[in-house]
Amino acid sequence: MSSEELAKKIKLRAWNMGYEAKASHMSGNFSMADIIAVLYYDCINISEDDEIRDRVVLSKGHCCAVMYALLAEMGYFPKEELKTFGRNGSRLACHISYKVPGVEWSTGSLGHGISVASGIALNGKLNNKSYHVYTICGDGECDEGSVWETAMFAAHHKLDNFTVIIDANNMQAMGNIEDILKLEPLADKWQAFGWDVLEVDGHDHKAIKEAVRHQSKKMPKVIVAHTIKGKDVSFMENNLWWHYQVPFGEYYQRAIDEIKGNLI
Ligand SMILES: Cc1ncc(C[n+]2csc(CCOP(=O)(O)OP(=O)(O)O)c2C)c(N)n1
């Protein structure tokens with residue numbers, strides 16, 4: 001299986017999970033699927049040895065369905081359990097939960113995951129650990145003040161074992177980033193805070209891989225990954241309605257057909 005196939009696979013699983021659980025945030029799940037597929041397939045150390053395994057914190061914790069699907073694909077827990085997503089008593093909560101094997105930290109309150117992740121990275125530095133810490137953050141999430149505290153903190157401590165990947169899909173819950181709270185020039189802002197900044201097409205697996213593998217020296221790294229919200233489903237792409245709309249009716253099968261049609 002290629003990382004491209006893995007990305008499509010986890011989208012299909014997430015869509016089915018969302019349909020059964022009547023869960024939203026599917027379009028934000030789809031914009032980041034390629035990023036996490038490349039991360040786990042091609043880049044990070046997923047050793048079981050706690051001393052050396054890389055850490056991944058999903059800061060945009062509302063988009064947990066693709067992450068759970070990915071972790072199940074990677075063997076962290078049985079795929080069968082994905083059917084319990086969002087059910088009473090299930091550990092697969094609709095915002096990501098640390099109770100699920102492979103999940104580093106529970107998130108959902110935007111701006112928290114990235115802050116915690118920087119602390120984990122500092123801990124690694126102070127204790128001479130070889131692990132790298134990655135966090136996936138939304139662009140809307142960058143409205144949170146704690147994101148910019150982290151930007152200062154990580155640069156101050158020269159955390160070159162820390163990578164933030166921004167899923168820059170240009171939308172948040174209630175509208176376009178540009179209209180709600182302008183972020184541009186986003187890359188320049190991170191650079192001004194003392195970060196090594198890379199920009200990629202967040203659906204180009206080769207470009208994502210190269211950016212993730214790029215080793216920054218004495219500074220943290222941010223990858224601004226330009227993505228499309230709802231990627232690969234025509235009626236969801238860049239359509240705000242699908243931020244909170246749950247999969248239903250005729251849309252259910254149409255999305256599956258489109259994602260499968262795109263299977264490489
Ligand atoms: C502190 C906080 N405020 C508000 C919300 C509600 N909320 C959930 S998703 C979302 C939009 C986030 O936008 P973005 O980070 O760009 O995520 P994406 O568009 O990728 O889904 C908001 C405001 C939240 N989860 N946490």
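All ligand and atom numbering here is 1-based and tracks the order in the structure. For the numbers below, each heavy atom of this structure counts, side chains included, while hydrogens, waters and symmetry mates do not.
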### Query
Touching ligand 1 at all, Met174? Heavy atoms, strictly under 4.0 Å?
no

### Task
Within a distance under 4.0 Å of any heavy atom of Asp139, pick out the atoms of ligand 1 and give their elements.
15 (O), 16 (O)

### Task
Considering heavy atoms of the protein only, find what lies nearest to atom 15 (O) of ligand 1 and give residue, atom and distance to 0.1 Å.
Glu141 N, 2.9 Å

### Query
Are a donor atom and an acceptor atom from the side chains of Asp196 and His214 found within less than 3.5 Å of each other?
yes

### Query
Among Gly140, Gly175, Cys137, which residue places a heavy atom closest to atom 14 (P) of ligand 1?
Gly140

### Task
Using only heavy-atom distances, determine whether the side chains of Glu258 and Ser234 contain a donor-acceptor pair under 3.5 Å.
yes

### Query
Would Lys60 and Asp167 pass as an ion pair if we require N to O under 4.0 Å?
yes

### Salt bridge present between Arg53 and Glu48 (N-O < 4.0 angstrom)
no

### Task
Go through ligand 1 atom by atom and flag the ones less than 4.0 Å from a non-hydrogen atom of Gly28.
21 (O)

### Query
For ligand 1, which atoms, with element, lie under 4.0 Å from some heavy atom of Ser109?
1 (C), 26 (N)

#### Entry: Close approach, Tyr244 and ligand 1, non-hydrogen under 4.0 angstrom
yes

### Task
Check each of Lys209, Glu210, Gln215 against Arg213 using the side-chain contact (heavy atoms from CB on, under 4.5 Å) test, and report the only one that passes.
Lys209

### Query
Among protein heavy atoms, which lies nearest atom 26 (N) of ligand 1, and at what distance?
Leu110 N, 3.1 Å

### Task
Tell me which part of Gln172 gets within contact of ligand 1: side chain, backbone, both or neither, using heavy atoms under 4.0 Å.
both

## Note on the structure
Of all protein heavy atoms, the one nearest atom 20 (O) of ligand 1 is Lys60 NZ, 2.8 Å

#### Entry: Identity and separation of the nearest protein heavy atom to atom 3 (N) of ligand 1
Glu144 OE2, 4.0 Å

### Message
Once you restrict to heavy atoms under 4.0 Å, what part of Lys229 touches ligand 1? Side chain, backbone, both or neither.
### Response
side chain

### Task
Under 4.0 Å, heavy atoms only, figure out whether ligand 1 is touched by the backbone of His62, its side chain, both or neither.
side chain

### Message
Strictly by ring-ring contact (aromatic ring centres under 6.0 Å, His included), give each pair with a member in residues 218-239 just once, sequence neighbours left out.
### Response
Phe235-Trp242, Phe235-Tyr251

### Message
For Gly108, state whether at least one heavy atom is located under 4.0 Å from any atom of ligand 1.
### Response
yes

### Side chains of Asp143 and Gln172, donor plus acceptor under 3.5 Å
yes

### Message
Quick check on the 6.0 Å ring-centre criterion: do Phe162 and His132 meet it?
### Response
no

### Query
So, are Lys189 and Glu184 salt-bridged, with charged N and O less than 4.0 Å apart?
no

### Task
Around atom 11 (C) of ligand 1, find the nearest protein heavy atom and jot down its residue, atom name and distance.
Ala173 N, 3.4 Å

## Note on the structure
Atoms of ligand 1 under 4.0 Å from any heavy atom of Asn169, numbered from 1 in the order shown, are 18 (P), 19 (O), 20 (O)

### Message
For Lys221, is there an ion pair with Asp160 - N to carboxylate O distance below 4.0 angstrom?
### Response
no

### Query
Hey, are Arg254 and Glu250 close enough for a salt bridge, meaning a charged N less than 4.0 Å from a carboxylate O?
yes

### Query
Which of the numbered atoms in ligand 1 are below 4.0 angstrom from a heavy atom of Met171?
16 (O), 19 (O)

